[in-house]
Amino acid sequence: MSRWVGCEQQSRQIQKWLEQDWLCGSLLVHGPPSTAKTALVTHMVRSFCEAPGTGKCSFSHARCMPGAKPRMVLEATLNRMAGHHPCMANQFVSVFRCDDISDFLRNVKLLPQERKCMRHVLIFDDVQHLRQQTTAHMLQCLLRFKELCSMPVGVILISSVPWHKLQPHAGCAKPFQVEMRSLAAEGRERVIQQELQNMCDMDSSGKLLEDLIPGFIKSVSSVTSGTVSSVNDLRSICTLLFPKYCAPVKSGKISKTEGSKLFRIIQPLLLQAISGKHLMASQTSPMTTSTASADSALTAGKAAYQLDIELCRAAKLLLLASFLCSYNPARLDSVYFTKGSSKSKRSRVRVSSKAAHRDAQARLLGPRPVPLERLLAALQAISQGSVPASAEVLAQLPQLVQLGLLLPGPGSGGGANHGVSAYPTYVTNIALPVAQALSAALGVSFASHYHDP
């Protein structure tokens, strides 16, 4: 089980249920997204069914999609229980038609005796979508499936919400529960170390690369600890950047002990990867999902076009000002937010090498909170006074926060003035390509106001 770092306890609980407790009730595996719920359950069930001493055993996995009809889930599950595979030869016809859970329970009893005597493990994923009024009774029947069909069947439910939010009002027993938790910093590093170790095992110079893993993980984790929260995102970033980190060592250009030089090679790539995560977060905001299908991936240009349609000019200027203030150092506001050509502004910036290195490190940590006074001053500068700081402009801030394009920063919580702080702060939640496209649509010179260390 070395693959499932940080899930050892949950693995033992699932294994115990598969071997003993399945006779006494169903199993609920719940936890936040990106905690390996589906991957761990399907891996363990498949391994259990394929074990030599298990006997005849089959399993099925069906995902409950939001808004989809129950027929898709029920017929797919029944086909697996019957050993039937829809294909071209049988014209992709299911073994039985199941419009609802009642048809499903009735048709299960019509299976051949050989299939009815087999043990079946049924996995239903994303069952939180079954809480709707039209499918609520389906969840109750799945929890009581073994007693309703009188067959050796074990039911595993996977949900992103805990039992107290999922349970029906009546008519079902409480299932066995396994909670999948988000990994702490130590667990995340163990996951990345295991992933990179597998990469080194497939490389001809694996022993040399293994010595670089601790320094690489320490450098990347110190930068992404407050920016990238998902283990899957962190794994993808590390697997992409680790070959770039190792390339100079393999070619002999840099010694493996010179960690600072190796980190400077991946620094711009790491910045680009983190910006991509901020772009993904802004694309999954309510504004984007309300005007595009959930399964379509928007590019930066499409996202900017979406903002251009949905937001007024004042809101777009506020969003651009928040991006510039979140990434520009406050000490350079007098340079980038005053009148003058782009060339003259650049000539007035005198930054030492230490200050430039500090700015680059701060850039990797993501956007910084911006006080409201600084945000309004930057708005006046980039709009050249055409958008005054009026009540109409201030009214756009809560709308941008609601859309997920701005995030309330520290200091924006409760205060003395009716729960509103006297000094609210905001953090931008858009990426660099979106900000550049916005500035082009607004006719604002992005290079004149953006500090690129």
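Contact check for H30 versus L157: no side-chain heavy atoms found under the 4.5 Å cut-off. Contact of the H449 side chain with the L320 side chain is not registered, since no non-hydrogen atoms from C-beta on lie closer than 4.5 Å. You'll find the side chain of F323 stays beyond 4.5 Å of the side chain of C325, heavy atoms only. Between E210 and Q197 the shortest side-chain heavy-atom distance falls below 4.5 Å. In this structure the side chain of I192 never reaches within 4.5 angstrom of the side chain of I213, judged on heavy atoms. Looking only at side-chain heavy atoms (C-beta outward), L262 and P248 come within less than 4.5 Å of each other. Residues L74 and I101 form a side-chain contact, since some pair of their non-hydrogen atoms from C-beta on lies under 4.5 Å apart. Between F48 and Q15 the shortest side-chain heavy-atom distance falls below 4.5 Å.
Residues T425 and P371 share a closest heavy-atom pair of CG2-CA, 3.9 Å. Here the closest non-hydrogen pair linking Q128 and L166 is CA-CD1, 3.8 Å. The shortest heavy-atom contact between S445 and S448 is OG-OG, 2.8 Å. For the residue pair C7 and L40, the shortest heavy atom distance occurs at CB-CD2, 4.1 Å. S60 approaches R80 most closely through the heavy-atom pair CB-CB, 3.5 Å. Here the closest heavy-atom approach between residue A315 and residue Q396 is recorded as CB-OE1, 3.6 Å.
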Stepwise side-chain contact (heavy atoms from CB on, under 4.5 Å) test for L212 and V249: CA-CA 9 Å; L212 300 174; V249 179; 3.9 Å; yes
Worked check of side-chain contact (heavy atoms from CB on, under 4.5 Å) between N429 and L405: CA-CA 5 Å; N429 198 26; L405 302 173; 5.6 Å; no
Derivation and outcome, side-chain contact (heavy atoms from CB on, under 4.5 Å), residues F263 and L270: CA-CA 10 Å; F263 179 72; L270 183 58; 4.2 Å; yes
Criterion side-chain contact (heavy atoms from CB on, under 4.5 Å) on L241 and F216, from CA distance to verdict: CA-CA 9 Å; L241 296 184; F216 174 78; 4.1 Å; yes
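N328 contributes no side-chain N or O that, together with a main-chain N or O of Y336, makes up a donor-acceptor pair within less than 3.5 Å. Checking side-chain atoms of S326 against main-chain N and O of R368 turns up a donor-acceptor pair under 3.5 Å. At distances below 3.5 Å, at least one donor-acceptor pair connects side-chain atoms of E75 with backbone N or O atoms of C98. In this structure, the side chain of Q177 does not engage the main chain of L28 through any donor-acceptor pair within 3.5 Å. Listed for the W163 side chain is no donor-acceptor partner under 3.5 Å among the backbone atoms of F176. With hydrogens and angles ignored, the 3.5 Å screen pairs no side-chain donor or acceptor of R63 with any backbone N or O of F124.
A centroid separation of less than 6.0 Å is found between the aromatic rings of F104 and F145.
Atom-to-atom distance recorded for D333:CG and H451:NE2 is 11.0 Å, nearest 0.5 angstrom. Of the inter-residue distances, the one linking Y327 atom OH with S322 atom OG reads 10.0 Å to the nearest 0.5 angstrom. Atom NZ of residue K244 and atom CD1 of residue I265 lie 10.5 Å apart, to the nearest 0.5 angstrom. Between T77 atom OG1 and L122 atom CG the span is 6.0 Å, to the nearest 0.5 Å. Expressed to the nearest 0.5 Å, how far CG of L143 lies from NZ of K174 amounts to 12.5 Å. Rounding to the nearest 0.5 angstrom, the gap separating the CE atom in M44 from the CH2 atom in W17 is 11.5 Å.
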Only pairs under 3.5 Å count here: list side-chain donor-acceptor contacts from residues 430-442, not counting sequence neighbours, and write none if there are none.
unit_1	atom_1	unit_2	atom_2	d
S439	OG	A435	O	3.4
S439	OG	Q436	O	2.7

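Using a 4.0 Å cut-off between charged side-chain N and carboxylate O, E258 and K256 make no salt bridge.
With sequence neighbours excluded, the residues forming a side chain to side chain contact (heavy atoms under 4.5 Å, CB included) with T35 are P32, K37, M180, S182, listed by chain and number.
Checked options I382, L406, L397; the residue passing with L318 is L397 (criterion: side-chain contact (heavy atoms from CB on, under 4.5 Å)).
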